[in-house]
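Side chains included, hydrogens not; waters and symmetry mates left out as well; all remaining heavy atoms used. Counting starts at 1 for both ligands and their atoms, following the listed order.
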Amino acid sequence: MNVLVVNAGSSSLKYQLFDTSNDTVVAKGLCDRIGIDGTLEHKRLADGKVYSAQVKMDNHSQALKYLVEALLDKDHGCVSSMSDIEAIGHRVVHGGAYFSESVLVTEDVLAKLELCRDLAPLHTGAHIMGIQGCLDVMPNTPQVLVFDTAFHQTMPKEAYMYALDYDVYEKYAVRRYGAHGTSHRYVAGEMLKLLDKPVEETKIITCHLGNGSSISAVKGGKVIDTSMGFTPLAGVMMGTRCGDMDPAIVPFLMQKLDLNPDEVNTYMNKKCGFLGISGVSSDCRDIEAAIAQGNERAALSIKMLGYQIRKYIGSYTAAMDGVDAIVFTAGIGENTASVRAEALRNLSYFGIEFDEEVNAATKGRSGVTKLSTENSKVAIYMIPTNEELVIARDTEAIVKAL
Ligand code: ADP
């Protein structure tokens, strides 16, 4: 089945056309600067043919019109008619407590998605524009929503509740939701295939480390805890986000830096993490380059992230009463050996032992790589993530069953 995977942002729309019969990407691209002026970058994968254009895109419907034209084009396209695009799968950042699995778009689903707006206002608004754009341009093509939060919906209440007063939870749905669920689900699924154990008995810690990072405890194939919380600000430190800290720091900063609630939120999301500690950059590659030049704050930032991940590994091992495997994925998890090494140090009490040389040589392009030594009681793997493939597969399964 040809499935168009759409990731709609407020002013951009990324896409991949999948052929699910062999899990290949046929074409991919980006509509950017929607509502400003508009650019389209399109690539056909079979022969690497690239097409780019500056076209006015007032909204997501117009962006989708150009995207479909590119897919149909005789020169750089890859399908011969609109009906060859058999289904559309959307990445959706927040499904609140309403969605614990992927769903077909219906009136009822759209009404529930509206209720998630409060939890991720910018993202949800963008997704709704993307869905509406597809309805305008391809009204007869079934659409499926795949949620970043869905995989985490199996968490027990003691893991997702905050010790605020209960009214706040009931009135405003303040609780842990987590994020990156599609990525955690993909790598946990791949790891399960490598473990010689019945799924129900498995205990896996998945570390999605990218610009945003989260860590999950996956017991018996289901998430029982995850590091991101009510928002993606929680958990380990990230490119520009602070991660977990004493909540009393928030009002303290508001007073000292004279910030209002929006400003302190922006500060914690945009000025902290690697950027704030190193003073160099939010990007791990720049941090590594600065360390090579002897920058101590850059070195501290890597040590801090490694230490924080290690503490999550320890606490999730306790939460699951053991661990069979630890998986690293996403930009940093796949490519940055120093972060993996810092995260895996001093875990000998748990029987966790990694191969320094293999780890140092492992990059995302190496493909699935075992990092643990033969003596390690716990399997350690780098597994490149593939969220789009999960979206394409879920979409196919739901549409085929119609
Ligand atoms: P996002 O959360 O935006 O999807 P990514 O998963 O692409 O982020 O991760 C981005 C991070 O991965 C950056 O800090 C970047 O420095 C780091 N990284 C390290 N090496 C590479 C690499 N070879 N390719 C891509 N990202 C890398």
Side-chain angles (χ1 to χ4, degrees), residues 5-16 28 30 32 91-94 120 122-123 126 146 148-149 178-187 206-216 226-228 231-243 269-293 295 297-306 308-309 327-343 359-369 371 382-391:
V5 173
V6 171
N7 184 350
S10 50
S11 66
S12 71
L13 189 149
K14 288 189 208 138
Y15 64 93
Q16 292 194 4
K28 63 180 184 180
L30 168 71
D32 210 0
R91 177 201 176 206
V92 178
V93 162
H94 218 305
L122 295 178
H123 283 111
V146 180
D148 277 3
T149 46
H180 303 131
T182 310
S183 175
H184 287 286
R185 183 176 141 206
Y186 175 76
V187 296
T206 48
C207 307
H208 174 109
L209 310 173
N211 261 325
S213 298
S214 64
I215 303 179
S216 294
T226 192
S227 63
M228 279 183 169
T231 74
L233 189 56
V236 294
M237 61 183 271
M238 311 179 208
T240 56
R241 291 178 224 156
C242 58
N269 274 287
K270 303 267 184 215
K271 302 255 192 262
C272 302
F274 275 145
L275 178 65
I277 294 296
S278 71
V280 173
S281 169
S282 62
D283 191 299
C284 214
R285 287 165 287 197
D286 300 335
I287 300 284
E288 290 206 301
I291 295 172
Q293 303 291 316
N295 186 315
R297 275 171 52 186
L300 171 66
S301 68
I302 296 275
K303 280 216 155 105
M304 285 172 67
L305 175 60
Q308 293 176 8
I309 298 168
V327 185
F328 290 91
T329 196
I332 295 172
E334 291 169 27
N335 295 294
T336 312
S338 59
V339 170
R340 290 191 302 246
E342 284 301 325
N359 179 53
T362 298
K363 293 262 176 201
R365 61 173 179 273
S366 327
V368 175
T369 308
L371 306 175
M382 184 284 284
I383 300 181
T385 194
N386 197 342
E387 290 154 287
E388 291 80 10
L389 179 61
V390 176
I391 297 173

**OP:** Tell me, please, which residues at least two apart from Ser183 pass side-chain hydrogen bond (donor to acceptor under 3.5 Å, both in side chains).
**Re:**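 For Ser183, the residues satisfying side-chain hydrogen bond (donor to acceptor under 3.5 Å, both in side chains) (neighbours in sequence not counted) are His208, Thr385.
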Subject >> With sequence neighbours excluded, residues passing salt bridge (Lys or Arg N to Asp or Glu O under 4.0 Å) with Arg340 >> reply: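 For Arg340, no residue satisfies salt bridge (Lys or Arg N to Asp or Glu O under 4.0 Å) once neighbours in sequence are set aside.
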Original post:
Rounded to the nearest 0.5 Å, how far apart are CD of Glu387 and CZ of Arg91?
Top reply: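 Going from the CD atom of Glu387 to the CZ atom of Arg91 covers 6.0 Å.
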Subject >> Value rounded to 0.5 Å, distance of CG in Asp286 from CD1 in Ile291 >> reply: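 Asp286 atom CG to Ile291 atom CD1 measures 11.0 Å (nearest 0.5 Å).
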Original post:
Who's touching ligand 1 if we go heavy atoms under 4.0 Å?
Top reply: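 Residues within 4.0 Å of ligand 1: Gly210, Asn211, Gly212, Asp283, Cys284, Arg285, Ala330, Gly331, Ile332, Asn335, Thr336.
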**OP:** Show your working on side-chain contact (heavy atoms from CB on, under 4.5 Å) between Phe274 and Leu305 and close with a plain yes or no.
**Re:** CA-CA 9 Å; Phe274 275 145; Leu305 175 60; 3.7 Å; yes
Original post:
Mind checking what makes side chain to side chain contact (heavy atoms under 4.5 Å, CB included) contact with Ala234, not counting sequence neighbours?
Top reply: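 Applying side chain to side chain contact (heavy atoms under 4.5 Å, CB included) to Ala234 gives Asp244.
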